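Working notes, beginning with the structure itself.
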There are 2 protein chains.
Amino acid sequence: MATKKISQAEENYLKAIFKINEQEGKAAGNKAISQAMETSAASVTDMLRRLAKKELINYESHKGVTLTEKGDRIATNLIRKHRLWEVFLVDKLQFAWDEVHPIAEELEHIKSDKLVTRLDEFLGHPKFDPHGDPIPDADGNFAFRQQVLLSEVEIGKKGTLVGVQEHSKPFLQYLDSLELGLGTEVEILERYSYDGSMRLRINASKEVVLSQKVNQNLYIKLTE
Amino acid sequence: MATKKISQAEENYLKAIFKINEQEGKAAGNKAISQAMETSAASVTDMLRRLAKKELINYESHKGVTLTEKGDRIATNLIRKHRLWEVFLVDKLQFAWDEVHPIAEELEHIKSDKLVTRLDEFLGHPKFDPHGDPIPDADGNFAFRQQVLLSEVEIGKKGTLVGVQEHSKPFLQYLDSLELGLGTEVEILERYSYDGSMRLRINASKEVVLSQKVNQNLYIKLTE
DNA sequence: TACAATTTTTAGACAAATCTAAAAAAAATA
DNA sequence: TATTTTTTTTAGATTTGTCTAAAAATTGTA
Ligand SMILES: [Mn+2]
Ligand SMILES: [Mn+2]
Ligand SMILES: [Mn+2]
Ligand SMILES: [Mn+2]
């Protein structure tokens, strides 16, 4: 019954399964996992068997996997650690939001509950990470925030940029070049139905035009 | 020529070899390494072959090992990271000096030069860690400090506690219970030749008696 | 429903890091 | 120097995490 040791590789799989379950709203297939982990399908089958033996996932051949309660707790805690470290890197060490992910990918595996507690405290119990993603609390509860994709917002409305759907370096750097970041105020001026692009005023001054690809990846919190 | 990837296990061996070389002032034997790493002698032989193939150590069967320049650079950088993280844990997250070692043992393996640079800056370029051990700079140079073992100090002399030889949790906790920490002022009042114990005044007030075992593990910087 | 495409599993291998038991080499000692 | 003790290496296994190629199962489509 003693909780067996969980390797870094196993932890990464659990996190990947958690995210696929969340995004697709259903059991994660071998294919999706192998893509997320950038490994072969055969490796995934091997690992799923190991995780099932440790009772971290619910697994039946050819049926896709979900996390057990134990697996869910571990995955949620990893996400908590990952996002707290990202906040540390940006807020305390002045990293840019496009450079923190790979470092947090390593830091999330440091095993010390006290470290997480103290870090959370040190950072002032942040509720969202540098990309606007919610940081689960110690019990695994994610903060909820009312938000809409920019692509869904009507003309004339105003709001604040609170999150990004995409996390890639090129995307984040493109936003930087437009001076768009979390907290930026936006007002929708126009929408071009031809290609789904939109014209906005940002921070009550400059105007920018965003392609559909971009405005489908930005989360806005509407003003009132 | 491209620097091959170095595993966490390999890094830990390099650090152990560095420390044995330093402490014993000569090539590290298989036995000493296996004790430091808490592994079998056979595992050490295996690993030494791997490290030699990667040109990180100078190794000839039955002759003991030393680090190559490459190996030395890696070991020194690990020590730098380990000690910087210990400072972070104590100074920023309020950990006690007896709890940080195992966590730093994991944190030292995070691979990002920028992270080390930024952390060092954030901490104000500390020269010594929470145990008084010198933190090598980015070029691998260790700060030097004039210090003596308490057991060598003559009666009547005064000084400041600047370092500990032993790092074990029980030892550090015992010092805490005596209210002895880095920076504590000590004055040598008496030395009992029978068992090598010493009577001291600390911080110009309380008196304590320390056994030889203790006073052979404390480094003092003499006043003047 | 039958065939084709896709997904998943199996079989067989490999590198890394470890182990135990036994053999070989070096060091200590009588 | 000869013998004993200690250290180091070898031999042979094991676990973890990965791979490729091929087989089996499932899903999609004509
Ligand atoms: Mn990770
Ligand atoms: Mn993030
Ligand atoms: Mn370590
Ligand atoms: Mn230390």
Side-chain angles (χ1 to χ4, degrees), chain A residues 2-17 20-21 23-24 26-66 71 74-75 78 105-106 108-109 111, chain B residues 2-17 20-21 23-66 71 74 78 105-106 108-109 111:
Chain A
T3 311
K4 305 123 195 165
K5 232 196 316 184
I6 293 163
S7 73
Q8 213 153 301
E10 287 169 335
E11 288 189 339
N12 286 332
Y13 272 93
L14 290 177
K15 214 173 47 144
I17 294 164
I20 294 164
N21 284 169
Q23 276 162 36
E24 303 186 355
K26 59 168 210 255
N30 181 308
K31 190 78 189 302
I33 298 170
S34 81
Q35 272 160 352
M37 298 298 300
E38 299 184 277
T39 53
S40 71
S43 299
V44 173
T45 303
D46 287 348
M47 180 57 91
L48 294 184
R49 258 199 273 276
R50 269 197 294 278
L51 293 173
K53 189 145 64 183
K54 292 190 180 179
E55 294 178 29
L56 299 170
I57 60 171
N58 305 113
Y59 170 61
E60 265 179 285
S61 205
H62 290 95
K63 291 225 169 110
V65 292
T66 54
I74 293 167
L78 279 165
E105 203 56 51
E106 295 182 51
E108 69 189 2
H109 301 287
K111 291 190 180 2
Chain B
T3 311
K4 304 121 193 168
K5 230 195 319 182
I6 293 163
S7 74
Q8 214 154 300
E10 288 168 336
E11 288 190 340
N12 287 332
Y13 273 93
L14 291 176
K15 214 173 47 142
I17 293 165
I20 294 165
N21 285 168
Q23 277 162 37
E24 303 187 355
K26 59 169 211 253
N30 182 309
K31 189 80 188 304
I33 299 169
S34 82
Q35 271 161 352
M37 299 297 301
E38 299 183 276
T39 53
S40 71
S43 299
V44 172
T45 304
D46 287 348
M47 180 57 91
L48 294 184
R49 258 198 273 275
R50 269 197 295 279
L51 293 173
K53 189 145 63 184
K54 291 190 180 180
E55 294 178 28
L56 298 170
I57 60 170
N58 305 113
Y59 171 59
E60 265 180 285
S61 206
H62 291 96
K63 291 225 170 111
V65 292
T66 54
I74 294 167
L78 279 165
E105 204 54 52
E106 295 183 51
E108 70 189 1
H109 301 288
K111 290 187 181 0

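Computed from a prediction, not measured in an experiment: that's the story for all the values here. A note on names: the letters A, B, ... follow the listed sequences, proteins ahead of strands, and every chain is numbered from 1.
Between the CG atom of B/Asp46 and the C1' atom of C/dA17 there is a distance of 8 Å, given to the nearest Å. Rounded to an integer number of Å, the gap from NE2 of A/His62 to C1' of D/dT26 is 7 Å. One atom, CD1 of B/Ile33, and another, P of C/dA17, lie 15 Å apart when rounded to the nearest Å. Whole-Å rounding puts the B/Gln35 CD to D/dT7 P distance at 8 Å. The CG atom of B/Leu48 sits 15 Å away from the P atom of C/dA16 (whole-angstrom rounding). We find that NZ of A/Lys26 is positioned 11 Å from P of D/dT27, with the value rounded to whole Å. The distance between atom CD of A/Glu38 and atom C1' of D/dG17, rounded to the nearest whole Å, is 16 Å. In this structure, B/Glu60 atom CD and D/dT7 atom P are separated by 21 Å, rounded to whole Å.
Close to C/dT9, at under 4.0 Å from its OP1 or OP2, lies a side-chain N or O of A/Tyr59. Taking side-chain N and O atoms only, B/Tyr13 has no distance below 4.0 Å to OP1 or OP2 of C/dA16. Between B/Thr45 and D/dT8 there is no side-chain polar atom (N or O) within less than 4.0 angstrom of OP1 or OP2. Residue A/Arg50 has a polar side-chain atom (N or O) positioned under 4.0 Å from OP1 or OP2 of D/dG17. Side-chain nitrogen and oxygen atoms of A/Arg49 include none within less than 4.0 Å of the OP1 or OP2 phosphate oxygen of C/dT9. The phosphate of D/dT18 has neither OP1 nor OP2 within less than 4.0 Å of any side-chain N or O from A/Thr39. For C/dC19, one of the phosphate oxygens OP1 or OP2 lies less than 4.0 angstrom from a side-chain nitrogen or oxygen of B/Ser43.
Proximity of B/Val44 to B/Met37: side-chain heavy atoms (C-beta onward) are nowhere separated by under 4.5 Å. Residues B/Leu48 and B/Ile17 are in side-chain contact: their nearest non-hydrogen atoms beyond the backbone lie under 4.5 Å apart. A heavy-atom distance below 4.5 Å is not found between the side chains of A/Asn58 and A/Lys63. Between B/Lys15 and B/Glu108 there is a side-chain heavy-atom pair separated by less than 4.5 Å. Under the 4.5 Å side-chain criterion, counting only non-hydrogen atoms from C-beta, A/Glu11 is not in contact with A/Leu56.
Where A/Ser7 and A/Ala42 meet DNA chain D, the nucleotide closest to each residue was compared, and A/Ser7 sits on the side nearer the 5' end.
Within the nucleic acid shown, A/Glu10 comes within 4.0 Å of sugar-phosphate atoms alone, with no base atom in reach, counting heavy atoms only. Residue B/Ser40 is classed as a base contact, given a heavy-atom separation below 4.0 Å to a base.
Closest to the B/Lys31 side chain, of the nucleotides D/dT7, D/dT9, C/dT18, is D/dT7.
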